[in-house]
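Quick note on labels: first sequence line is chain A, next is B, and so on, each numbered from 1.
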Amino acid sequence: MSQLTRDFFDRDALDVAPELVNKVLVSPVGSGRIVEVEAYRGAEDPASHGHRGPTPRTEVMFGPPGHLYVYFSYGMHWCANVVTGPTGECGAVLIRALEPLTGVEEMYRRRPRARRDRDLCSGPAKLCAALGINDAHGGSDLCRGTDGLAVVDDGTPAPHPPTATTRIGITKAADLPWRFVAPDSVHLSQPVRP
DNA sequence: CGTTTGATGCTCT
DNA sequence: GAGCATCAAACGG
């Protein structure tokens, strides 16, 4: 059970993303195994929030690796990214789905519409609601684990290597295979398209 | 099953 | 004012 280091995140988002699959995201509410992520890069990725340079909203994407980039989506939801790559460059990995592990009771309390476990964290905004992640955690340092947030490797071997597919819910650069999923998981936000 | 639509507010032009 | 890295309910077959 080891916490991921700064060096793990200080690489290209495309290298970090597939290795985050099967790791465990921990919050004070509970934890879940990462089963779906998407990589977003800087200037050359028009779908990235940071592709036109830093703004007040996106500056943490240009900051040091291993911190959390939290954004407010569609006027209702929070979504969480892990910042990747060196300070000054833009990179992030969006956490899109988890398999709930601990704190499941509390997750149901925070997501009253969920009927079964696979409804709790099968989407980027769902998992933030379930784990209590919001703007208060923007910029939080996952490597130091302050705020009780961290990504850990619990040593569980992945049953299958991650599968690369196209990203979801974007209109620009929609053909790039920068979404990585645990292919056998029933907790994905959407099934892998055939 | 599948597709469509309303909710709701921030960000940048 | 347009456009969102979304979710859940409503509707049709």
Side-chain angles (χ1 to χ4, degrees), chain A residues 9 12-14 16-18 20-21 25 32 34-63 65 67-85 89-100 107-140 142 151 162-182 185-194:
Chain A
F9 298 108
D12 192 289
L14 271 178
V16 175
L20 277 175
V21 175
L25 178 62
I34 297 170
V35 295
E36 175 178 343
V37 300
E38 284 174 357
Y40 288 88
R41 300 208 287 186
E44 84 274 26
D45 180 7
S48 169
H49 289 169
H51 82 108
R52 289 200 190 271
T55 67
R57 176 207 196 190
T58 62
E59 60 185 355
V60 301
M61 291 182 82
F62 294 81
H67 289 244
L68 206 62
Y69 165 51
V70 178
Y71 70 93
F72 193 49
S73 176
Y74 291 94
M76 277 163 287
H77 309 296
W78 299 102
C79 296
N81 297 245
V82 176
V83 174
T84 62
E89 291 182 23
C90 177
V93 177
L94 173 67
I95 311 296
R96 284 198 56 93
L98 308 173
E99 171 191 347
M107 291 187 195
Y108 273 104
R109 222 163 288 136
R110 289 164 184 268
R111 289 196 31 79
R113 331 286 324 227
R115 307 190 60 90
R116 43 189 186 169
D117 289 3
R118 70 202 318 178
D119 300 327
L120 290 173
C121 297
S122 54
K126 296 179 188 180
L127 70 90
C128 283
L131 289 180
I133 296 172
N134 55 50
D135 61 337
H137 306 103
S140 177
L142 299 171
V151 184
T163 297
T165 66
T166 52
R167 296 181 291 186
I168 290 177
I170 57 174
T171 56
K172 288 168 280 194
D175 53 327
L176 299 177
W178 288 2
R179 172 185 179 229
F180 300 91
V181 305
S185 179
V186 300
H187 297 275
L188 303 181
S189 67
Q190 285 183 34
V192 179
R193 79 165 190 205

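- Below 30°, between 30° and 60°, or above 60°: for A:Phe72 and A:Trp78 the angle between ring planes is between 30° and 60°, a tilted geometry.
- Between A:Arg96 and C:dT6, a side-chain N or O to OP1/OP2 separation shorter than 4.0 Å is present.
- Closest approach to the A:Pro124 side chain among B:dG9, B:dC12, C:dC7 is made by C:dC7 (side chain taken as heavy atoms from C-beta onward).
- A close approach under 4.0 Å does occur between a side-chain nitrogen or oxygen of A:Arg111 and OP1 or OP2 of C:dA8.
- Considering only side-chain N and O atoms, A:Thr171 lies under 4.0 angstrom from the phosphate OP1 or OP2 of C:dC4.
- Here the P atom of nucleotide C:dA5 and the CD1 atom of A:Ile168 are 14 Å apart, to the nearest Å.
- At least one side-chain nitrogen or oxygen of A:Arg113 sits closer than 4.0 Å to the OP1 or OP2 atom of C:dA9.
- Between A:Gln190 atom CD and B:dG2 atom P the separation is 11 Å, expressed in whole Å.
- Listed nucleotides C:dC4, B:dA7, C:dC7 differ in distance to A:Met76; the shortest reach to its side chain belongs to B:dA7.
- For C:dA5, one of the phosphate oxygens OP1 or OP2 lies less than 4.0 angstrom from a side-chain nitrogen or oxygen of A:His49.
- Annotation: side chain of A:Phe180 is not in contact with side chain of A:Ile34 (no heavy-atom distance under 4.5 Å).
- With hydrogens and angles left out, the side-chain atoms of A:Glu36 and A:Ser189 include a donor and acceptor closer than 3.5 Å.
- A:Leu94 comes within contact range of at least one nucleobase, with a heavy-atom separation under 4.0 Å.
- The nearest whole Å value for the distance from the CG atom in A:Leu188 to the C1' atom in C:dA5 is 17 Å.
- Note on A:Lys172: every side-chain N or O is 4.0 Å or more away from OP1 and OP2 of C:dA5.
- The distance from atom CZ of A:Arg167 to atom C1' of C:dT6 is 16 Å, rounded to the nearest whole Å.
- A distance cut-off of 5.5 Å between ring centres, combined with a plane angle under 30°, places A:Tyr40 in a stacking arrangement with the base of C:dA5.
- Summarising the base pairing, C:dA5 is matched to no nucleotide, lacking a Watson-Crick or G-U wobble pair whose two defining distances lie under 3.5 Å.
- In this model, the phosphate group of B:dC12 is approached by a side-chain N or O of A:Thr55 to a distance below 4.0 Å at OP1 or OP2.
- Among the heavy atoms of the strands lying under 4.0 Å from A:Ala125 are primed sugar atoms or P, OP1, OP2 only; no base atom is included.
- When the nucleotides C:dA5, B:dG9, C:dT6 are ranked by their closest atom to the side chain of A:Phe72, B:dG9 comes out on top.
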